[in-house]
Amino acid sequence: MADHNKLGKEGEKLAIEFLEKNQYHILEKNYRYLKAEIDIIAQKGNTIIVVEVKTRSTPEFGDPQDFVKPKQIQLLVKAIDHYVVENDLDVEVRFDIVAIIKNKSGIKIEHLEDAFYHF
């Protein structure tokens, strides 16, 4: 597995641990629909949270959250719409980013709630 893939998988595990510690219930990991993949689908109360995990070893080229592009947001919206309909859920949906910097200096986790809105 390429180093960046390994770092991404480690980041997803760290994000799940972080979310669970903060009373989020993890419903799905790596949920796929058509061309979209949602890293984590979680629930807290009556809200479904779509979590995009961005992990980097350095913030040198920008913060991890800066790498979520409009096309990816559109795909995430389609995927969660499908998930909600498929599971016949009556919930609010929120889009979060968990940005992780992991390197020799340690681990920094930033949870950005309502990181973007669907359009």
Side-chain angles (χ1 to χ4, degrees):
M1 182 182 293
D3 285 346
H4 70 278
N5 289 341
K6 197 163 30 169
L7 182 64
K9 289 293 170 203
E10 287 177 39
E12 287 179 13
K13 280 168 79 174
L14 289 167
I16 287 168
E17 290 170 11
F18 174 85
L19 292 166
E20 287 177 334
K21 278 184 199 164
N22 288 285
Q23 281 70 55
Y24 287 81
H25 176 67
I26 307 303
L27 301 174
E28 301 278 347
K29 296 177 250 181
N30 305 112
Y31 176 81
R32 291 181 177 277
Y33 174 69
L34 301 176
K35 293 181 179 180
E37 181 180 336
I38 299 174
D39 293 333
I40 301 167
I41 299 175
Q43 185 168 6
K44 192 169 190 179
N46 195 38
T47 303
I48 294 290
I49 300 99
V50 175
V51 182
E52 179 64 21
V53 180
K54 290 295 182 186
T55 309
R56 297 288 183 267
S57 57
T58 175
E60 193 173 309
F61 301 105
D63 291 325
Q65 61 270 26
D66 295 338
F67 292 90
V68 181
K69 303 295 181 213
K71 179 71 175 164
Q72 183 180 11
I73 293 170
Q74 289 176 332
L75 290 172
L76 292 173
V77 169
K78 284 181 184 173
I80 199 61
D81 284 348
H82 178 265
Y83 181 83
V84 168
V85 170
E86 180 181 57
N87 291 288
D88 194 28
L89 301 174
D90 182 18
V91 293
E92 295 291 319
V93 175
R94 187 178 84 205
F95 296 86
D96 291 5
I97 296 173
V98 173
I100 300 171
I101 305 286
K102 182 180 186 294
N103 54 35
K104 293 176 186 154
S105 303
I107 299 168
K108 178 184 170 207
I109 298 177
E110 187 177 2
H111 182 191
L112 303 151
E113 294 183 9
D114 259 335
F116 52 85
Y117 301 96
H118 51 283
F119 38 86

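We're numbering straight along the sequence, starting at 1.
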So, taking the atom named [atom1] in [X] and the one named [atom2] in [Y], what distance separates them when rounded to the nearest 0.5 Å?
X: Ile48; Y: Leu89; atom1: CD1; atom2: CG; result: 5.5 Å
X: Lys54; Y: Asp39; atom1: NZ; atom2: CG; result: 7.5 Å
X: Thr55; Y: Glu10; atom1: OG1; atom2: CD; result: 8.5 Å
X: Ile97; Y: Glu113; atom1: CD1; atom2: CD; result: 12.0 Å
X: Asn103; Y: Lys108; atom1: CG; atom2: NZ; result: 11.0 Å
X: Asn87; Y: His82; atom1: CG; atom2: NE2; result: 9.0 Å

Between [X] and [Y], what is the shortest heavy-atom contact and its length?
X: Lys44; Y: Asn22; result: NZ-O, 3.0 Å
X: Glu52; Y: Glu37; result: OE1-O, 4.4 Å
X: Ile40; Y: Glu12; result: CD1-O, 4.2 Å
X: Ile38; Y: Ala79; result: CD1-CB, 3.7 Å
X: Ile100; Y: Ala15; result: CD1-N, 4.1 Å
X: Leu75; Y: Lys35; result: CD1-O, 4.1 Å

If the test is side chain to side chain contact (heavy atoms under 4.5 Å, CB included), which one of Val51, Ile49, Ile16 qualifies with Tyr24?
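Between Tyr24 and the candidates, side chain to side chain contact (heavy atoms under 4.5 Å, CB included) is satisfied uniquely by Ile49.
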Side chain to side chain, Phe95 and Ile80, heavy atoms closer than 4.5 Å
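Heavy-atom side-chain distance check passes, below 4.5 Å.
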For residues Tyr33 and Glu86, determine if any side-chain heavy atom of one lies less than 4.5 Å from a side-chain heavy atom of the other.
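Answer no - side chains too far apart.
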Would the distance check show the side chain of Gln23 and the main-chain N or O of His25 forming a donor-acceptor pair, the cut-off being under 3.5 Å?
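Flag not set: sc Gln23 to bb His25 has no pair under 3.5 Å.
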Do Val85 and Val77 belong to the same hydrophobic cluster, where Ile, Leu, Val, Met, Phe, Trp and Tyr are linked whenever their side-chain heavy atoms lie under 4.5 Å apart, directly or via other members?
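Each belongs to a different hydrophobic cluster.
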For Lys21, does the NZ atom have more than 12 heavy-atom neighbours from other residues, nucleotides or ligands under 6.0 Å away?
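No, because the 6.0 Å sphere around NZ of Lys21 holds 12 heavy atoms or fewer from other groups.
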